[in-house]
Amino acid sequence: MKVLITGIDGYIGTQMAQVFISAGHDITGIDTGFYREGWLYNGVKFSPKVITKDTRQITLEDLKGFDAVISLADLSNDPLGNQDPKNTYEINHKAIIRLAKLAKKAGVKRFIYSSSCSIYGVAKDGLVDENSEVLPQTTYAKCKLLVEQDLKKLADNNFSPTYMRNATVFGASPRMRFDLVVNNLSGIAWTQKEIRLSSDGTPWRPLVHILDVCEAFLTVLEAPEKLVHNQIFNVGSTTGNYQIKDIAKIIGKVFPGCKVSFGKSDGDTRSYKVSFEKIKKTFPKLKIKRTVEYSAKELKDIFKKVQMSKEVFEFRGFTRLKEIEHLKKTGQINKEFFWN
Ligand SMILES: NC(=O)c1ccc[n+]([C@@H]2O[C@H](COP(=O)([O-])OP(=O)(O)OC[C@H]3O[C@@H](n4cnc5c(N)ncnc54)[C@H](O)[C@@H]3O)[C@@H](O)[C@H]2O)c1
């Protein structure tokens with residue numbers, strides 16, 4: 001299929017392009033390139049076509065001839081969204097709905113939206129599934145809900161959106177992110193040999209490996225339309241719900257000589273356990289299989305190969321908020337996050 005991926009130069013997009021091209025799809029990407037300075041290791045085989053453009057400026061012409069759009073471009077975490085709600089709404093909500101409307105007009109049938117399990121919000125007993133109430137707590141998560149709601153209104157015989165509520169992602173990508181819990185704790189374990197959690201680490205987080213996410217998107221892209229039309233899928237596996245303290249313990253074991261300690265409860269309310277039974281039942285051949293332990297080992301091997309220093313681990317290009325603050329402070333992007 002001819003597929004357009006927005007946010008292709010991000011953490012997930014970089015790996016997704018490789019997975020889709022390997023599967024025989026014709027990939028074009030659009031990305032404004034906020035994080036292009038952050039490249040941890042040489043790990044790509046294919047070079048997709050990439051158009052450097054802001055999603056807010058995509059035109060009808062850009063979308064003609066595609067079979068599907070994968071929407072990844074976002075200000076992609078809570079701290080970024082909370083710091084600048086106005087730009088977050090513009091990029092994470094309005095631009096995506098505008099993109100979807102243009103895609104529909106251009107005759108693009110499939111639209112796969114990268115949503116998030118953070119949409120479920122505050123602590124709840126038991127497992128939440130796709131039918132559970134959603135209580136997004138942050139601007140970032142509220143945008144995820146707004147996009148899902150507005151995309152639903154566009155769904156018809158000519159336009160098939162699918163909403164992928166990803167768990168928090170972990171694992172290696174050349175365009176690395178160290179602001180995600182498993183990657184961050186692995187980097188700390190490597191550079192400091194000590195993980196000291198300031199909290200008690202009791203909140204639950206659903207986690208999923210980056211390649212499992214890419215394979216889930218590929219499965220949905222290739223699935224018969226009737227299975228995915230206007231459907232929400234939690235992306236992860238039910239065994240992938242971890243307490244933060246257990247993530248720290250697993251990583252502590254993989255990195256030799258790493259000590260692990262905990263503090264007191266910090267009142268973090270973003271605790272939830274998620275059911276991933278729907279994606280498993282709908283696509284029995286899709287195996288969401290990579291564990292935190294697998295990934296800690298994978299990351300340790302990469303850190304060793306590139307001899308990752310503390311400076312590299314802390315480099316702004318690997319932390320979304322730090323890089324955006326740098327681009328603003330140095331006047332490289334303006335108040336609306338357009339390049340100067
Ligand atoms: N990483 C996770 O844990 C996770 C979990 C759930 C959902 N998601 C979602 O998946 C998607 C990708 O996440 P990621 O971790 O790869 O994030 P990322 O920040 O690494 O990548 C986002 C990409 O979008 C680009 N971008 C941002 N604003 C843009 C704009 N206005 N125009 C064009 N390009 C723009 C950035 O330059 C970047 O390359 C996001 O929508 C995110 O919300 C991620």
Side-chain angles (χ1 to χ4, degrees), residues 4-17 29-40 48 50-58 62 69-81 84 87-96 98-99 112-120 136 138-145 147-148 163-184 205-214 216-217 233-236 240 274 295 317-324 327 332-334 336-339:
L4 181 74
I5 303 179
T6 73
I8 193 165
D9 278 340
Y11 168 67
I12 298 173
T14 298
Q15 290 287 37
M16 194 174 284
I30 287 189
D31 200 299
T32 192
F34 286 146
Y35 313 112
R36 285 192 185 141
E37 277 190 80
W39 192 257
L40 185 64
V50 178
I51 300 161
T52 298
K53 198 175 227 191
D54 196 291
T55 47
R56 290 167 289 180
Q57 296 174 325
I58 287 177
D62 291 326
V69 169
I70 314 286
S71 172
L72 302 177
D74 242 0
L75 298 177
S76 57
N77 67 7
D78 291 333
L80 259 181
D84 199 330
N87 282 317
T88 305
Y89 281 113
E90 291 296 326
I91 294 171
N92 292 17
H93 173 221
K94 278 197 200 160
I96 294 173
R98 182 177 164 276
L99 166 70
I112 306 179
Y113 173 57
S114 190
S115 187
S116 165
C117 282
S118 64
I119 210 165
Y120 296 114
T138 60
T139 307
Y140 167 78
K142 285 174 189 163
C143 285
K144 294 291 182 201
L145 178 59
V147 172
E148 286 191 12
Y163 323 102
M164 307 290 272
R165 291 184 181 165
N166 305 305
T168 298
V169 184
F170 62 87
S173 167
R175 182 90 58 212
M176 197 54 180
R177 279 185 67 177
F178 282 125
D179 50 6
L180 300 167
V181 63
V182 173
N183 301 351
N184 181 261
R205 289 285 186 283
L207 298 173
V208 62
H209 191 271
I210 186 165
L211 291 178
D212 286 332
V213 171
C214 296
F217 275 64
F233 293 103
N234 292 333
V235 181
V274 176
S295 193
F318 300 126
T319 296
R320 297 300 172 249
L321 184 61
K322 266 196 211 172
E323 183 63 16
I324 291 292
L327 295 176
Q332 294 183 71
I333 56 172
N334 67 18
E336 279 84 38
F337 288 22
F338 287 108
W339 294 101

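Only heavy atoms go into these numbers, but all of them, side chains included; no hydrogens, no water, no symmetry mates. The residues of the chain are indexed from 1 along the displayed sequence. Note that ligands are numbered from 1 as they come in the structure, with each ligand's atoms numbered from 1 the same way.
Other residues, nucleotides and ligands contribute more than 12 heavy atoms inside 6.0 Å of the NZ atom of K53.
A perpendicular orientation is assigned to the rings of F318 and F178, their planes being inclined by more than 60° (bins at 30° and 60°).
A donor-acceptor pair under 3.5 Å is absent between the side-chain atoms of N234 and the main chain of N166, judged by distance alone. Checked by atom type and distance alone, the side chain of R175 never pairs as donor or acceptor with a backbone atom of I12 at under 3.5 Å.
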Would you mind listing each N/O atom of ligand 1 next to any protein N/O under 3.5 Å, plus the distance?
residue: ligand 1; atom: 3 (O); partner: V169; partner atom: N; Å: 2.8
residue: ligand 1; atom: 10 (O); partner: S114; partner atom: OG; Å: 2.8
residue: ligand 1; atom: 15 (O); partner: R177; partner atom: NH1; Å: 2.8
residue: ligand 1; atom: 16 (O); partner: Y11; partner atom: N; Å: 3.3
residue: ligand 1; atom: 16 (O); partner: I12; partner atom: N; Å: 2.8
residue: ligand 1; atom: 17 (O); partner: S76; partner atom: OG; Å: 3.2
residue: ligand 1; atom: 19 (O); partner: S76; partner atom: OG; Å: 2.6
residue: ligand 1; atom: 19 (O); partner: R320; partner atom: NE; Å: 3.0
residue: ligand 1; atom: 20 (O); partner: Y11; partner atom: N; Å: 2.8
residue: ligand 1; atom: 20 (O); partner: R320; partner atom: NE; Å: 3.1
residue: ligand 1; atom: 20 (O); partner: R320; partner atom: NH2; Å: 3.0
residue: ligand 1; atom: 31 (N); partner: D54; partner atom: OD1; Å: 3.0
residue: ligand 1; atom: 31 (N); partner: D54; partner atom: OD2; Å: 3.3
residue: ligand 1; atom: 31 (N); partner: T55; partner atom: OG1; Å: 3.3
residue: ligand 1; atom: 32 (N); partner: T55; partner atom: N; Å: 2.8
residue: ligand 1; atom: 32 (N); partner: T55; partner atom: OG1; Å: 3.3
residue: ligand 1; atom: 34 (N); partner: T32; partner atom: N; Å: 3.1
residue: ligand 1; atom: 37 (O); partner: D31; partner atom: OD1; Å: 2.7
residue: ligand 1; atom: 37 (O); partner: F34; partner atom: N; Å: 3.2
residue: ligand 1; atom: 39 (O); partner: G10; partner atom: N; Å: 3.1
residue: ligand 1; atom: 39 (O); partner: D31; partner atom: OD1; Å: 3.2
residue: ligand 1; atom: 39 (O); partner: D31; partner atom: OD2; Å: 2.7
residue: ligand 1; atom: 41 (O); partner: L72; partner atom: O; Å: 2.9
residue: ligand 1; atom: 41 (O); partner: D74; partner atom: OD2; Å: 2.9
residue: ligand 1; atom: 41 (O); partner: K144; partner atom: NZ; Å: 3.2
residue: ligand 1; atom: 43 (O); partner: D74; partner atom: OD2; Å: 3.1
residue: ligand 1; atom: 43 (O); partner: Y140; partner atom: OH; Å: 2.6
residue: ligand 1; atom: 43 (O); partner: K144; partner atom: NZ; Å: 2.9

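Checked for salt-bridge contact, D179 and K322 miss the test: no charged N lies under 4.0 Å from a carboxylate O. Look at R56 and E336 and you find no salt bridge, because none of the NZ, NE, NH1 or NH2 atoms lies under 4.0 Å from a carboxylate O.
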